[in-house]
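First up is the structure itself, then whatever we jot down about it.
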Amino acid sequence: MQPITLEIANEEHPLYERVKALGIPANKTEHYRHFAIKPLLSKEYDITIPTVGTPIQGTKLIIENGVVKEYPNGVTLSFIDDFQADSTHYDALYFMSHVLCQNVINIQTKNDITFEIEHHFSDKNRFIPYRIAIQIEANTQVEVFESFHTKGSQESLLLYGVDVYIASESRLNWIRNQNRYLDEAAIVGSHHYHAAEQSSLDLHTFDLGSGNALHIYKIDLDSYASTNASHLLLATQEAHSGNVVYINHNQPHSKSIQESRTILKDGATGIFDGKILINHDAKYSKAKQNSKAILLSKNAHMYTKPQLEIYTDELEASHGSSIGELDEEVLFYICSRGIELEEAKKMLVLAFASILIDTLDNAKYEEIIRMDFELAIKD
Amino acid sequence: MMQIKNIHAKIGDNDILKGVNLTLEAGKVHVIMGPNGAGKSTLTKAIVGHYDVKVTEGEVIYKGKDILKMPPEERALEGIFLSFQNPVEVAGVNNAYFLRTALNAKEKYHNQKETNAAEFLKLMKVHVEQLGMNTDMIARGLNDGFSGGEKKRNEILQMEILQPDVIILDEIDSGLDIDALKAVSEGINRMKDGKKTFLVITHYRRILDYIHPDYIHVLQDGKIVKTGGPELVDILESQGYHALQKDT
Ligand SMILES: Nc1ncnc2c1ncn2[C@@H]1O[C@H](COP(=O)(O)OP(=O)(O)OP(=O)(O)O)[C@@H](O)[C@H]1O
Ligand SMILES: [Mg+2]
């Protein structure tokens, strides 16, 4: 049993120096500041480095405690021990997970495909690091629905991440649905998505419940690439939960739209740290970012940090953020028709969230997420 | 049916209602007229329990109970309905879903069988057509982007579906075009069953020609200063509220 420090990393690994340079995150590390990372990393864990198993072909990518059990038909699966990670990532745990993970689970798609990724994690006091890489073939459409099944994993930490490369003119629609409770493993996901020329990434994330989780994204956009990112966060009880999303416009005519909606109950802490960087070469790019949060309790805290960093003149960019409570006048109107206050609040919260749930363009996943949302809000 | 007794009320630190007494009779149409700022909307808000209005004295007796002690939703469930002067917009809450939730809440409260989605849609369609509303209003957000007149029709739709017993209409006629005024008035007339009571606030006689009031009350400076029959409207229209003030 030991805590997560540099000592557990292999010094020989080519990315070790990156971890060292950035430093293991502490309470003062900018994008971990409100997540309470320190107590999480300093717990004593049973550290398990996943091995390569004997996966069977099926319909989903199923990962149990870091080991691939099943992978979808229509993709090529391999394990890579010298994966070329993104050396310009800003997150230390991105590198740390690469250093710790000896075999990156690598998926190569060929044609249009829809598949689910299920993370299963059931042990107590365990730390498991693993990474998934996905290469999307040019000119294809891929849809991924990612979910977490972590019952029984209290006091554990799951450190994982995806490295996704979307080849030119492809479209990836990624839905991450995370609905968890306080007594389940904390999750830190540190990701990199690279959208090549004229490709697009739809990234829709749903973080619901009382569990602790932080997802850190770096999204790189080449010319004419676009991303449409939405983040719905519903944090309850004492949860610390959020998203850190840096979108880099690297080349001309790239486009990003980002919308974050957060609902905080009880003593929950929500984080939305979104930085859009428009590089010198990214002329004629468009970026739009918006964050809205509703606090349902006086003890809830929202930390929003929307940032635009611009190094070119020819562009369109806007951002905005708001934090508020439910509109009293609207609540009164609903109650004046005989609906109880609690029900009225639920209605408004659902309406606020629906805008991000109803636009997934997939009735099945919309239904799953709506049900998870309604369960989580009752918690 | 409802006795409003000596109501004094404040908004913030301002005394707005200064002893309103009014008895609403079953099966009758009561009209309140009065100058802008007299406290008409404040009175309606006091009856339904709006948080802005602080009642400092008096009571409102309905079914033998002082309703001022009830939360707003209970007053509604007991049969009191206010059509707001300015209904709010609620984006993202589907109009039909909202109204069915309200109807089911009322049915549950009265131990009645709850109207299911299919039955409700049928019911709503009938009323929407009767009111000459666009059918796409069913699927839109509650009052979301509705025009002034559309909002008023939607209030009447709610009234017809919820079938309240005490119906308070605050300037339901303002901003309505000729057809809408007729449709809304017909909606009100359909509700008359000899038992329900109506409290209609208006500045104009147009609607009164349709709904045939029994009593006209004049509210001025936080008090009912005069009560009469429909003929009072003529006097007010020719002489204004000013004359009345001298009169009392
Ligand atoms: N929220 C509020 N804050 C402060 N003052 C208010 C508020 N609401 C109403 N008032 C004041 O209370 C008084 C009575 O307002 P009320 O809306 O009841 O008038 P009304 O008789 O309905 O007038 P109108 O015919 O213009 O609708 C007015 O002087 C108004 O300015
Ligand atoms: Mg008024």
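Protein chains get the first letters and strands the later ones, always in sequence-line order, with residue 1 at the start of each. Predicted model only: the values in this text are computed from it and were never measured.
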Would you find more than 12 non-hydrogen atoms of other residues, nucleotides or ligands less than 6.0 Å from B/Lys192 atom NZ? yes
Counting neighbours of NZ on A/Lys255 that are heavy atoms of other residues, nucleotides or ligands and sit closer than 6.0 Å, is the number greater than 12? no
Let me know if [X] has heavy atoms under 4.5 Å from chain A in its side chain, its backbone, both or neither.
X	result
B/Pro71	neither
B/Glu78	neither
B/Asn143	side chain
B/Tyr109	neither
B/Leu99	neither

Heavy-atom pairs under 4.5 Å with chain B, option from A/Ala344, A/Ser336, A/Ser354 with the top count: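 Option with the top pair count is A/Ser336.
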Counting heavy-atom pairs under 4.5 Å with chain B, which one of A/Asp358, A/Leu341, A/Asp327, A/Ile334 comes out on top?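 Option with the greatest count: A/Ile334.
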For the residue pair B/Lys69 and B/Arg75, what are the closest heavy atoms and their distance?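 Heavy-atom minimum between the residues: N-NH2, 4.4 Å.
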Side chain, backbone, both or neither: which part of A/Glu343 has a non-hydrogen atom closer than 4.5 Å to chain B? side chain
So which of B/Leu103, B/Leu162, B/Thr101 has the biggest tally of heavy-atom pairs under 4.5 Å with chain A?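 So the answer, after comparing B/Leu103, B/Leu162, B/Thr101, is B/Thr101.
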